[in-house]
Structure formats: C-alpha cells, structure tokens
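By convention in this document, chain letters (A, B, ...) are assigned in the order of the sequence lines, proteins followed by strands, and residues within each chain are numbered from 1.
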Amino acid sequence: MHHKKLGLAAALALTLAAPITLAEEAVVNIYNWSDYIDPAILEKFETQTGIKINYDVYDSNEVLEAKLMSGSTGYDVVMPTGSFLERQALAGVYAEIDRSQLQNIGNLDAEMASKVALHDAGNKHNVPYTWGTIGLGYNVDMVKARLGDMPVNSWDLVFDPAIAAKLSDCGVSVLDSPAEVMSVALNYLGLDPNSEKKSDLKKATKLISASRESFTKFSSSQYISDLANGELCVSMGYNGDVLQSQSRAIEAGQGINISYIIPKEGSLVWFDLMAIPADAPHKEAAHKFIDFILQPENAAGVSNYAFYAVPNNKVEPYLLEEVKNDPSIYPTDDIKEKLFTQKAHSVKFDRLLTRAWTNIKTARQ
Amino acid sequence: MSFSEQIVPSSMSTEQLPLWKQEGAEPFLRIENVTKNFGDFKAVDNISLDIYKKELFCLLGGSGSGKSTLLRMLAGFETPTSGRILIDGVDMAGIQPWERPVNMMFQSYALFPHLSVADNVAFGLKREGVAKAEIKQRVEEMLGMVQLGHLGKRKPHQLSGGQRQRVALARALIKRPKLLLLDEPLGALDKKLREETQFELINIQEELGVTFVVVTHDQEEAMTLATRIGVMNQGIIVQTDEPHDVYEYPNSKFVADFIGSVNMFEGKVIQDEPDSVQIDSKEAGTTLFVNHGISCAPDQIVNVAIRPEKIRITKKEPEKGVNCIQGIIEEIAYMGSLSVFRVRLASGKEVRVTQPNFTRSMGDRYTWNDAVFLHWDEDSSVVLTS
Amino acid sequence: MSMSLGSAVMDRMAAKLQKYNFVKKVNWGRAVVAGIPAFWLGLFFFVPFLVVFKISLTEAAIAIPPYSELLDWDLEEAYISIKINLGNYLFLFEDDFYLDAYLSSVKIAVLSTFFTLLVAFPIAYAIAKSDGSTRVLLLALVILPFWTSFLLRVYAWMEFLKKNGIVNEFLLTIGIIDEPLIMLQTDFAVYIGIVYTYLPFMVLPLYSALEKMDGTLLEAAQDLGSKPTQSFFLVTLPLAMPGVIAGCVLVFIPAVGEFVIPALLGGADTLMIGRVLWDEFFLNRDWPMASAVAIVMLVVLVLPIMLIRNSQGKGEAV
C-alpha cells in the first residue's frame, strides 16, 4: 500500500520533470511597420514552410515600445529601429538570435552590420532588415521658383533662416522626431551627432528655433501625402517615404515633381532590425522567418516594395533597375561615408531633449 | 329677445341696472366677428361679444368648444383669422402679448420653478422697471392680500396646490391689469378648497375692480362666480346671460342639457297664445301647458324642458290636473339633502325627479314600483324650439 | 402582573425585531441595486486609478515594465520594504512647463466648451420644440456620427480645412477670398474639431432639460411683459441650467485631456496636457512621470468639477 503510493508519486514527479517535447505550433506572429513588405513574400513563406503568418502592423517605434515594455505581447518577430532596440535590449526585451538556425546569415552586408553593432554589440539580438537615410524631400518646381538656380544639396534649406523663410509660404515640414532631428542639427553644426552635452543641445536648439517661424508643420508621416498634393515644398523625411510620395505624385498626374536628396553635410542612417522578443512563443518559426528574409530574392521583395535598401550582399540581381540605380535608396559610396548612426540616449538626456523639442515646437522660451 | 328682460321689474331705475343692461353703455372688451381657424378646423366661429367694466364673465363650455382659443386670442398668444378685439377702445391687432394691458392666470399656474414666490410675483413689475422699493412693497401687499405673506421665500414646489393658485393669482394681478384672464382658475383644486377659493376670487375681483374673463368647463364654478355666462359650443357662443337666466331659461336643448340636469318631452304645439302654449306630447302621454309665449310655426315639434327639482311627486292624484303625468318608480337614490327618483312613464320615457328631504322619514314614503303622479306648475317649464 | 409585563416586553421586542428584519430586507435589495454600479465604477475607474497612482510613486527604470517596484519583500529574511518616490510630483510643481500646459489645456477646453454650448443650444432647442417623428429623426441625426470612426471624422475635417481643401476651394471659387486661408494646424481647427466631436454630448443633456420645460412658462413670461429675448434669459436659460452644466462637464473633461484632435488638426504650437502626457510616456519613456501628470490632472481639474456637480445634483433633489 505504502509502496504503491510512493510509486505513484515518483511517476508523477517523472512526468512533471520530463522535458516537454511537444512540437512548436506552426505559427509565427509578426509585428512590422505598415507597408513594409510585399504581401507575395509572406504567402511564399507560408507555402514553402507550412507555417502560418499572423501579420500585424504599427506606425511608430513608440507604439511598439510601449507594447514590448508592458511584456507578453505574443509576437515572435518585431522590427524596431536601431536606437530603440539598443535601449529595449538593455531592459531584457529580446532573446538572443541563434545564428546556427540561420543558414543565410552569410548574405548579410558586413559593412552595414558593423554599423548596426553600434546599437547592439555583436548583433546578438538582431538581424538587420532594412536601412535608410533622413534627407530632404522637395517639390522641384516650387523650390526653383523661390530659390532660382541655387543648387538643392544642403540642410541650409531648413536650417538657414533666410532660405527657410523664402520657402515658408509653400510649406516646410520637419520630422516630429526630436532625437533624429537634433542629431542631424548637431552634425550640421559640425558637432558630435550623439553628443549629450547640455551646451551642444542648446546650440542645436538655437539653430532649429531660428528657422522655427518658417516651419509650417512638424510631421512624421503626414508629409508623405502633403508633398504629393502640393501642400509642402520642402520636407525633412525618410528616403522611402519621400519616394512613396514621389510615386503618388506621378500617379496623381498633377505635374507635381518630387525629389529626394541626402544633403552634402551628411545625414543620419537608420536601421530597422528584425528581433525576437524574449517571451516569443514560436522562436523556431521566428528564426525560420528571419532566415527566409535573408534569402536574396526575398530581401529584394522588401526593397522593391518599400523603396528602402536591404543590407544583403547577394540582393542586387533581384532588384528592380529603378531601385538599384536610385541613389536615394542605395547611395553612392562618397555619400555613404558621411552617414552617421544615432545612438540611444540616457533617460536623463531624453527628458532634456523632449523638453527642448516641445519648447521649439510651441515657440516657448 | 332674452328672457331676462321679462323678469326685470320695471320699477328698477337705470342707474341700478348692471352695465350690460344699460342701453348704449360702452363695453370694456369688445369682440367683433372673431374667427380663428387651425387649418380646416374652425376653433372660433364668428363670435361677437361685449364685456363690461368690472364684470366677471365666464366662458363656459366643454373641451374643444373654442373657449380657450378665445381666451388666448385676448392674451395675444393667438391671432384671430378675422375679426377685431378691442380692449378699452383700443384695437389689439398687432399688439404683442407683452404689450397688452392684460394678464393671465394659467390653468397650470405656470409658476417659474426656479424663482421664489416673491420673485414670481415681482416678475411683471421688474419687467416694467418699477423701483426696487416699490416692487418690494407691492409684492408684500399682494402676498398679504392672498394670505401668503409668510411664504415669500419658498419655491413653488414647496407649496400646496391652493397656495400655488394664489401665487399665480397674485402674480397676474400685481401689474394692475385692466383685464384679467383666468383659465380654469379652480380646476386643479379639490372640491372643498374650490368652494372657499371661489368666494375669495369674487372678493378680490370686487375689491380691485378688475374685469375678469374666466374660462371654465365647470358649470357650478361658472354659476357661483359669474356676473354673466357665455355658453360655448363648437366655436360659437350659444347663449349669453346671467347665471340664473342661463339655468332657468336656457335658449336651446344644448344649454338646458349642458347646465344642470333636465327632463325633456318632445311634442307638437297645438295651441299658441301670446302668453301660453299647449303642447301635445306623446312622450309625456298628456298635453303640457306652459305659461309663456313662443314664436313658432303651427304644428312645430318642440321640446318642453323641466328641471327635476321643479317636479313634485305624489301618490295621490293632485287636485289641479295640469301638467300631471303618471309613472312607476324604478329607482330611488337617497343623497342626504335630497332624494332622486327615476320614474318610468307609460310611454317608456324616464323622468328624473329630485325632492328635498323635508323630514327624516321622507325617504320611507316611497318604494320601488310605486305608482306615482308627477306634476309641475305651468311657469316651471320652458319650451325649446332649437 | 409580572407575566403580563413580561409578555408586553416580549411583544415590544418582537415588534422591534420585525421592524429590524424589515429594514434589513429593504437594505439588501437596495444594496444590490446600488452595489452593481458601484462595483463597475470600482472595477473600471477606481482600480485603474490606483494602478496609475501606484506607478506615479515609482521611478523610471530600464526594465519590464519600465519602472521600479513599489514593494520589495524577501520572505526568508522576513522583510517588506515600500519605496515611495514623490519626486515626480515635486518635479511637476517645480517646473512651470507643466503649469503652462495645464493652463493652456484649460483655456482651450473652456473656450471650446463655450463654443460647443453656443452651437448646441439652438440645435437642442429646435429638437425639443419639434414634434414626434421629426424629433426622433433629428435625435438620430445627432447620434448618427457615432456610428463612424472618430478618427475618420477628424481626417474628414482635415480634408475640409487644408490649404487646397474643400472649404478653401469653395471660397476661392465664389470669390470671397483670393488666397487660400490657413485653417489646418491652427487653434481654430482644434476648436472646430472639439466642438464637432463633442457636440452630441452637449446637445443631448440640453435637449432633455429643454424638453421637460413647460411651454406655458414662456407664455407666462411674455404675459408678464418680457420680450422673447428676455424670456430666454429669464426663463429658458435658468431652467435649462442642469442640462447646461451636465453638457459642459461632459465636454470639458474629455476636452482638457484631448490628444488626438490637437495632434491631427492643431499646430505644433498647440500645447496641451494630453500631448505632454504622450511625450512623457513615449518619448521620455517615463511612465511614472506620465502617471503623475495624469493623476494631477484628475485631482486638480476633474475632481472639483465632479464635486461641484454632485453637490448641485443634491440641491436639485430636494
């Protein structure tokens, strides 16, 4: 009797201790930026692997971060921007990437990967998805009408108060993204774009405030349609977004001609990264998806669709001509040299930065 | 030709006569051929009426008779479709309610719920721009008159129905209007309170000398209050007379029926003299004698109206056999001060008779199925030709 | 003697007991009726409030969730420690930026509440005065916009107000203006957005107050010598006051904390507490500070209004 009881207890203990060998459910939950992948690529993944994709989109890093920081999102793959991943990884949001599960990791562009490593040492928590620049989108004819033959190749268009004032009547927009705009401004002033010095912040704030009157708008996405329908003539923006605006303008056929430049003073390069949350329920499937994107023909499906560069050595043959040869998507080497990354800031500096930004926007002293 | 003229003793001098009986007296309120249509519906149909100073005139009628519409036209809330209204000789056409020398006491009282009793009463004076001290004094006086001096600070919802009615009256009177319109002034009060208030209203009216026009559906109220009554039906005034005359000498079946209860016998005029008529009535089963003349065609079908209290009931056949009919008691109702009998005639006609209970045992004298004689004097009944 | 005395006492006690039971029974029913809404209020208002309040007493940290623990305990060592950080609140009062933001929000909310009242009153009045079927139709029209997404409706306003939008095109075509008006990204657009969005919240309480009003009161006022405009201010408005107050509270409270409307329709210089809260939460990643901003807004702006309203409600009931 007594023994029998013991035996039962032992059996129970064994059962509990036994590793759960249940196979992972064939599902992967992806949380990506809106309009950031060719839907055909997703279908292809599903047919090839038999893994079902639950696809969900966001339109700001802040929204993604708020979800991740609350924990238990249920997502398997997310696409944060470098400086965001940098901080989130510190909080323990992400699982380490198991490179042994990625057969195509060799396709990664080493030069770009090394820049990403500034955010994430050894790229332990990410595989780069796309990269892009911040620059100026502009309405060629409107700008020409106001500036004449002056070459459009400098941040002067927004940071020189005299020039910005000439453009103000046709609409000037600045990204509503304090950290990015501030580091572009610091770089323009010849300062370290990642400086956390109060004096540097003051100088950059002064620079932006000087042209504040001429800025008609602070926008991080609205400028896409505003440029396209002629409500803006100059907008600070992300390269892919400006190109999207360009193609919208062409579609509309109103004769609006939009162009994108990376100013000669240099600009910010950013990376959107694939990462796996620490509590992702389908890590294996997540790795399969990342590996799938690393295949050059699939990477091209991202680049051709979203007009952003992908850091993939073997992608070129699969790129559309107009994408491959567009310097606003794949910049020339001399411009590439002038690109810098923007690192995550300390909590203390973020507060100063936000305040400075609010003061600039509300013209509050 | 009104019956009332016949009963005024000729010895009475003109000075003592009320204004409406004086030849050529100026009416205070003159309603001239006033008609009011709502779409196809004629609410008021070509009414002409003169009301004199210090009168307490009652417009009596059922719902939909047009009495309230007429009152609202006097106040200025409705505009006549045609016709004129003159108050103290002034044509009211185009004069807005807030400019008229008229105030109204509403059926619902329409007291402002957000204002105190005193502020309600003061409302009209404030609009006139009367000095504050004077307002205060006049409000106090007026509240004193309606015996609410102590309740000035209360809100309307803290008052009883009777108190509210008096606030409404005080509010309507404080501007010393030439003409006060009262819409069912006692309608919302219970019976006992109504009786007390009736007399109060008359006292106030006499004290202030204001002309009152009262709208009511309650004939008792009209009887007690009025100097004259205008009985309305379907947009027209059927009869205008003093209360006594309206009751005793109704000019139509409608008035006779509407005011008090009445027995009517249909019959044919068989003899028509200047001061008496004989009517052969199958319903009554006899020839009825009436001692006043009528103007009618020979053989005309008329109604003889006799009030229940004017019929005497006896077991023995009365000696004087005029206006005497026979029947059987079907029902007796003992009402305390009087008893009501329902008597069935041979013709099948039912007659209502009331008898005061002169003695305690009065009720015991008669019982069901008793054969009785009903009879009345020749001057107790009225012949109605319409 | 003693027997009868005893039974008298017993009787009285029984009566008392019965009365007690009776009262208790009634209270049970009432407790359930009053308890359900109280429970919901507790669950969906008070508990979240406590959570936010708790976060406001912590410090921002790089962790999930991104703030420090209020309670710390170790069962083996048998200690519990509570660490309360009042720094967020102190900072709120030290830095006049927050005061500016609150004041600016209050200003925008007060003005837009007032404009909403001006627009809503005639609408509510017309509905209250209309008859049967028209009234049902008009009420339905007031509520109808709720069936579409709030965001969509705000975006629709952007189409109306933008530089080459419908309003400007129209005014240019009929020749009233020569150059397009700048309406979008201005305070004007914010007021339009708030007035438009919260109009039903003002119309409905006003309607229910006006609908109850006895029309003869206006006749009485006229009869006593006041012209229609005077009657409006002396009778209609005072009687509609409960509706005016309810409507103003319903508009003012969400307008103070409004974020979406100023973000989409307002200019970059529209400073509102909702925006500050967003910045604290998303840009500074300072959840505790964001919570403190929210709690102070609730305590300073919303609680007094609710208290005033409550006391007013009691006054009405008497």
Trainee: Quick test of your reading of the model: are A:Arg351 and C:Glu280 salt-bridged, counting only N-O distances below 4.0 Å?
Mentor: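 Yes, this pair counts.
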Trainee: Are any of the side-chain heavy atoms of A:Thr358 and C:Val276 separated by less than 4.5 Å?
Mentor: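 No, side chains not in contact.
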Trainee: At a 4.5 Å cut-off on heavy atoms, which part of C:Tyr67 comes close to chain A: side chain, backbone, both, or neither?
Mentor: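 No part of C:Tyr67 comes within 4.5 Å of chain A.
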Trainee: Is a side-chain donor or acceptor of C:Gln185 paired with a backbone partner of A:Thr216 at a separation under 3.5 angstrom?
Mentor: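 Checking the backbone N and O of A:Thr216 against the side chain of C:Gln185, no donor-acceptor pair under 3.5 Å is found.
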Trainee: Rounded to the nearest 0.5 Å, what separates atom NE2 in A:His345 from atom CZ in C:Arg285?
Mentor: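 Here the rounded value is 9.5 Å.
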Trainee: Using a cut-off of 6.0 Å, state whether more than 12 heavy atoms not belonging to A:Lys166 lie near its atom NZ.
Mentor: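 No, because the 6.0 Å sphere around NZ of A:Lys166 holds 12 heavy atoms or fewer from other groups.
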Trainee: Between C:Asp279 and A:Thr354, does any side-chain donor sit less than 3.5 Å from a side-chain acceptor?
Mentor: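 No donor-acceptor contact under 3.5 Å links the two side chains.
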Trainee: So for atom CZ, which belongs to C:Phe46, do other residues, nucleotides or ligands contribute more than 12 heavy atoms lying within a distance under 6.0 Å?
Mentor: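 12 or below, so no.
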Trainee: For atom OH of C:Tyr155, decide whether the heavy atoms of other residues, nucleotides or ligands shown that lie under 6.0 angstrom number more than 12.
Mentor: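 No - once you tally the heavy atoms of other residues, nucleotides and ligands closer than 6.0 Å, there are 12 at most.
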Trainee: Tell me, for A:Asp176 versus chain C, whether the close heavy atoms (under 4.5 Å) come from the side chain, the backbone, both or neither.
Mentor: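 Side chain only.
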Trainee: Please state whether the side chain, the backbone, both or neither of A:Asp279 comes within less than 4.5 Å of a heavy atom of chain C.
Mentor: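 Looking at A:Asp279, nothing touches chain C.
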Trainee: Could you walk me through whether C:Met158 and A:Gln222 pass the side-chain contact (heavy atoms from CB on, under 4.5 Å) check?
Mentor: CA-CA 11 Å; C:Met158 292 169 76; A:Gln222 182 67 32; 3.6 Å; yes
Trainee: Look up atom NZ in C:Lys162 and atom CG in A:Asp226, then write down how far apart they are to the nearest 0.5 Å.
Mentor: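 Here the interatomic distance stands at 7.0 Å.
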Trainee: Quick one: what part of A:Leu68 sits under 4.5 Å from any heavy atom of chain C, side chain, backbone, both or neither?
Mentor: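 Only the backbone of A:Leu68 comes within 4.5 Å of chain C.
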Trainee: Tell me, side chain or backbone of A:Arg212 under 4.5 Å from chain C's heavy atoms, or both, or neither?
Mentor: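 The side chain, not the backbone.
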Trainee: Has C:Tyr89 got more than 12 heavy atoms of other residues, nucleotides or ligands less than 6.0 Å from its OH?
Mentor: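 Yes, enclosed.
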Trainee: Do you know which of C:Leu184, C:Asp95, C:Thr270, C:Ile182 has the most heavy-atom pairs under 4.5 Å to chain A?
Mentor: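 Top option by heavy-atom pairs under 4.5 Å: C:Asp95.
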Trainee: Quick one: pull up CG in C:Asp269 and CZ in A:Phe215 and give me the separation to the nearest 0.5 Å.
Mentor: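 C:Asp269 CG to A:Phe215 CZ: 13.5 Å, rounded to 0.5 Å.
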Trainee: Select, from A:Gly71, A:Ala66, A:Gly92, the one with the greatest count of heavy-atom pairs under 4.5 Å involving chain C.
Mentor: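 Sorted descending by pairs with chain C, the first entry is A:Ala66.
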Trainee: Would you mind reporting whether A:Asp350 and C:Leu283 have side-chain heavy atoms less than 4.5 Å apart?
Mentor: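 Side chain of C:Leu283 against side chain of A:Asp350, heavy atoms only: no contact under 4.5 Å found.
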Trainee: Could you report the tightest heavy-atom contact between C:Phe282 and A:Glu65, atom names first, then the distance?
Mentor: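 Nearest heavy atoms, C:Phe282 then A:Glu65: O-OE2, 4.4 Å.
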Trainee: So how far is it from C:Met272 CE to A:Thr362 OG1, rounded to the nearest 0.5 Å?
Mentor: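 OG1 of A:Thr362 is found 13.5 Å from CE of C:Met272.
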Trainee: Could you tell me whether C:Phe114 atom CZ has more than 12 heavy atoms of other residues or ligands within 6.0 Å of it?
Mentor: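 Atom CZ in C:Phe114 is not packed in, count stays at 12 or less.
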Trainee: Kindly give the heavy-atom pair with the smallest separation between C:Ala63 and A:Ala91, and that separation in Å.
Mentor: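 Closest approach of C:Ala63 to A:Ala91: N-CB, 3.6 Å.
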Trainee: Where on C:Asn164 is there a heavy atom nearer than 4.5 Å to chain A: the side chain, the backbone, both, or neither?
Mentor: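 For C:Asn164, heavy atoms of backbone and side chain both lie under 4.5 Å from chain A.
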Trainee: Would the number of heavy atoms belonging to other residues, nucleotides or ligands and lying under 6.0 Å from CG of C:Leu151 be above 12?
Mentor: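 Atom CG in C:Leu151 is crowded, with more than 12 foreign heavy atoms closer than 6.0 Å.
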Trainee: I'd like to know whether CZ of C:Phe170 has more than 12 heavy-atom contacts from other residues, nucleotides or ligands below 6.0 angstrom.
Mentor: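 Not more than 12 within 6.0 Å, no.
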Trainee: So C:Arg275 and A:Lys361, do their side chains get closer than 4.5 Å, heavy atoms only?
Mentor: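 Contact flag for A:Lys361/C:Arg275 side chains = yes.
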Trainee: Of the backbone (N, CA, C, O) and the side chain (C-beta and beyond), which part of A:Lys217 lies under 4.5 Å from a heavy atom of chain C, both, or neither?
Mentor: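 When you check distances to chain C, only side chain atoms of A:Lys217 fall under 4.5 Å.
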Trainee: Under 6.0 Å from the CZ atom of C:Phe39, do we count more than 12 heavy atoms belonging to anything else shown?
Mentor: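 No, not enclosed.
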